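Basis for what follows: all heavy atoms, side chains included, without hydrogens, waters or symmetry-related copies. Nothing here was measured: the structure is a model prediction, and the numbers come from that model.
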Amino acid sequence: MWNFKHTKYFLIFSFAILLITSCSEEKQIAIHPAIIPAPSTQQINDGIFEMSNATGIFSDDAFRQVADFLKSYIEYGSEIKLKSEDYKNVINFKKDASITNEEGYQLKVTTNEITITASSAKGAFYAVQSLRQLLPASFENSTFKGSTVSVQNLEITDAPQFKYRGMHLDVGRHFFPVDFIKKYIDLMSMLKMNTFHWHLTEDQGWRIEIKKYPKLQEIAAYRNETLIGHYSDQPHQFDGKKYGGFYTQEEIKDIVKYATERQIDVIPEIEMPGHAQAAISAYPELGCTGKPIDVATKWGIFEDIYCPKEATFKFLEDVIDEVIALFPSKYIHIGGDEAPKTRWKNCAHCQALIKKEGLKDEYGLQSYFITRMEKYINSKGKQIIGWDEILEGGLAPNATVMSWRGTEGAVIAAQQHHDVILTPGSHCYFDHYQSTKEEEPLAIGGFLPLEKVYSFNPIPKELTKEESKYVLGAQGNVWTEYMKDSKQVEYMAFPRMIALSEVVWSENKNKDFENFKNRLEFYQQRLDARDVNYANHLYEVLGKSEIKDGVLYMNLKTNSGTKTIRYTLDGTEPNINSTIYKKPLLIDKSVTINAASFSDKSQVSGVFNETVKMHKAVGKKISFDVAPSEKYNAGGNNALINGISGSNKRYGDDQWLGFNGKDVEITIDLGKEMNVNSIATRFNNQVGSWIYAPTQVVVSFPGNEEYLPIEMEQSEEKIVDLKLETKIFTRYIKLKVMNYGIIPDGKQGAGHLPWTFIDEIIVE
């Protein structure tokens, strides 16, 4: 059975690593297995297999390429050279058709033989990835020194939980070189991920060479300049520098071949009908107005989308023809998301087409558009994937739905017996912040720590067992508006990709976050060897407020349980002599908490900092007539009365509460009547993220006559403050917060109701 819970194994592992990394020992101590993603079953046995120049390697013909991959991996930069004769022990690849899952495998290591058994090259390749983690990390960068390697004797039987295990990369907002794309694929393959979703076309740049339409390379692949800072920063500023690039068809063929050798399917995404401004800039006749426009220079959603004319469909069919010739994958992703209908509403052709086809409205026209393109793509032997907006107006007959706006789209599609892939923003958007620290690099927003990724279950609870069969798997998305280079992509993708790999591969019964963190700590040595700029928050101190019986406590923890937390309450920096944290801290006055993780001799993390401001509502009872969104309720209802204010930069931390498109009434019970002199709160106003401050807040005091409507001035500031001076003796305070209303045309999310985000309610 799978078992890594015994600390002694990790002590052995740590000692082994010290010996290995010293590079001075001729003989290596075997690494204790800490494989990611966790195998289905694993039995560790006594003894070792000693790999050396006396080791042979043999394979069935079906696995020759995989065996060559392993041979090259071991031999490149190493003194060890595997042989085919006169050997002492052997690595054997064997085909066994009785292994029914084509991605499953068995890996058996004994003193005399390493045996890899599978029914397909996929399974054999994944066995190699597990074996790879039993070898020193120095093999990853070809710096291993020594003539022998000891491999722990064990038996593994393994197969994935889901057949779709994906990672996405947006190259439209920022463009990345071929070498990095290959590195990204390599890192995916190490984790047994099997699908690379390549987002190739966007408003801000077209990235794939289409020979029939050269202006896509000449015009659509380049923008005149790029937005500086965050979209929500007002006024917008730009760098004034031309930016862009595209992949030639030869480069794409090379990348696809590279991925195929690593058992990864590459799914291209060609966006339609929205996110098409770059293409329309090259060929204005593809839009409804026919007027020239520029490639987009900032982020967002744009009104110029493909017009459903015959010329547009001919263009897209020609593009698809060239795309299909480059990508052997079963799927073509056609986007289908965030397509404003403004141009279609004002287009005579579109309105005539709606009438001619008997469509209900512009959403029906989008369904017509997607269905027509699906029929063409199906005729070429391919199937489409689309974002969950393709459900609007009716789902195309054979489409697979990629559910990103929560899990609702997946539930609807699966209940209609359509295949679905889960990629909700709450758990799978790796462009969100992963730490609450203010010094984290700029990101789009949100908060998605490693533990939340790991907690994800791709099967929505609303589905029956039969409906669950339509869930193919899950995918992590990397949107690159705020990722200017490959190092930033790595920082945002890792280690969250590693957590997701275990979500989609390992069975839920084998998932244990504490155990995962222990294994991750050692996996990071492989990332170091591969020069991956991963985010290392393993030792970071996290704080969580808690209210018990009206009393406020602060709980501190670190992602790694092997370190000691030391803290101060007076705002000074913690050091090796500061108080050791042992139990939740009782907070009964305003304090500034600083805390950090320490080893026996030194500080090993940054400083956690939290200021708690005591006021009359802290720890009191609070209720809402509308529940906060599950996506933005990390701190629970008490987040608004715990003395802690939310981040000035982010709306996704555990202090802001988000309400989706609704008015909300909040009641605070102070427990007894008392003097109230002021009430203050803050609202987030990041309009680029569909978040708007309210239009009005009505403050009242149940049991009293006073009723105070406050009209909110519209502002371009990211944070809008509200403070009410009053003199009243009351027990209850009620705030009715009015949602902004429909987002106006020309703004991101136009036509939708925005979010309202509320911060601490300070009563003094």
Side-chain angles (χ1 to χ4, degrees), residues 426 432-438 445-449 451-452 455 541-557 584-588 590-593 608-660 662-671 679-686 689 691 693-694 697 718-723 733-737 739 755-764:
S426 58
H432 291 184
Y433 287 101
Q434 55 197 314
S435 168
T436 58
K437 290 188 175 299
E438 290 289 329
F447 178 52
L448 179 55
E451 185 170 4
K452 189 170 184 180
S455 71
V541 175
L542 305 174
K544 186 84 171 176
S545 66
E546 181 182 17
I547 294 173
K548 286 184 179 179
D549 300 324
V551 179
L552 178 66
Y553 295 87
M554 180 62 71
N555 297 283
L556 302 178
K557 71 172 186 175
L585 306 176
L586 187 153
I587 309 297
D588 56 6
S590 296
V591 295
T592 297
I593 305 167
F608 164 81
N609 172 269
E610 194 75 271
T611 297
V612 182
K613 176 182 172 63
M614 293 299 291
H615 56 83
K616 291 183 177 180
V618 171
K620 302 304 189 287
K621 293 181 180 178
I622 188 169
S623 60
F624 303 83
D625 70 333
V626 173
S629 165
E630 290 184 7
K631 290 171 61 177
Y632 299 107
N633 186 25
N637 293 355
N638 288 335
L640 301 192
I641 51 163
N642 64 1
I644 303 171
S645 294
S647 167
N648 291 331
K649 296 181 179 179
R650 308 173 200 166
Y651 55 83
D653 67 11
D654 56 4
Q655 302 306 324
W656 290 96
L657 292 188
F659 299 84
N660 190 2
K662 296 179 181 178
D663 300 339
V664 56
E665 190 170 85
I666 305 168
T667 302
I668 297 174
D669 179 359
L670 298 174
I679 300 165
T681 189
R682 307 192 307 166
F683 301 98
N684 211 291
N685 194 47
Q686 298 195 44
S689 299
I691 301 170
V697 178
K718 284 185 178 181
I719 306 292
V720 175
D721 295 302
L722 178 150
K723 185 166 185 180
I733 300 169
K734 184 174 288 187
L735 287 80
K736 189 169 182 65
V737 180
N739 183 268
W755 289 81
T756 303
F757 274 74
I758 308 172
D759 198 6
E760 182 80 3
I761 300 173
I762 301 171
V763 179
E764 293 183 313

Approximate separation, where rounding is to 0.5 Å, of [X] [atom1] and [Y] [atom2]:
X: L640; Y: I666; atom1: CG; atom2: CD1; value: 5.5 Å
X: Y651; Y: L657; atom1: OH; atom2: CG; value: 15.0 Å
X: I762; Y: M614; atom1: CD1; atom2: CE; value: 12.0 Å
X: T681; Y: D759; atom1: OG1; atom2: CG; value: 5.5 Å
X: D654; Y: S545; atom1: CG; atom2: OG; value: 7.0 Å
X: Y433; Y: L448; atom1: OH; atom2: CG; value: 13.5 Å

What are the two closest non-hydrogen atoms of [X] and [Y], and how far apart are they?
X: H615; Y: I761; result: CE1-O, 3.1 Å
X: I733; Y: I679; result: CG2-CD1, 3.8 Å
X: F683; Y: P694; result: CG-CD, 3.4 Å
X: N684; Y: W656; result: N-CZ3, 3.4 Å
X: D653; Y: S647; result: OD2-N, 2.8 Å
X: A617; Y: I641; result: O-CB, 3.5 Å

Using distance only, find each side-chain donor-acceptor pair of residues 629-637 under 3.5 Å and give its atom names and separation, not counting sequence neighbours.
from: S629; atom 1: OG; to: K631; atom 2: N; distance (Å): 3.1
from: N633; atom 1: OD1; to: G636; atom 2: N; distance (Å): 3.4

Side-chain donor-acceptor pair present, N642, Q655, cut-off under 3.5 Å | yes

Considering only heavy atoms from C-beta outward, does the side chain of [X] approach that of [Y] to under 4.5 Å?
X: K662; Y: N739; value: no
X: I644; Y: M554; value: yes
X: L735; Y: I758; value: no
X: K718; Y: N685; value: no
X: R682; Y: N648; value: yes
X: V720; Y: L722; value: no

Just by modelled atom types, is the T611 backbone N or O under 3.5 Å from a matching donor or acceptor in the T592 side chain?
-> no

Would you confirm whether N555, through its side chain, and P584, through its main-chain N or O, come within 3.5 Å as a donor-acceptor pair?
-> no

Evaluate whether atom NZ of K452 has more than 12 neighbouring non-hydrogen atoms of other residues, nucleotides or ligands under 6.0 angstrom away.
-> yes

Do other residues, nucleotides or ligands put more than 12 heavy atoms under 6.0 Å from K437 NZ?
-> yes

Who pairs with F659 by ring-ring contact (aromatic ring centres under 6.0 Å, His included), at least two apart in sequence or on another chain?
-> F624

Given the rule in the side chain to side chain contact (heavy atoms under 4.5 Å, CB included) test, do I587 and I593 qualify, once you have shown the distances and angles that lead to the verdict?
-> CA-CA 10 Å; I587 309 297; I593 305 167; 4.1 Å; yes

Run the numbers on K734 and T667 for side chain to side chain contact (heavy atoms under 4.5 Å, CB included), then give the verdict.
-> CA-CA 4 Å; K734 184 174 288 187; T667 302; 3.4 Å; yes

All pairs passing salt bridge (Lys or Arg N to Asp or Glu O under 4.0 Å) where residues 612-629 contributes a residue, at least two apart = K613-E764

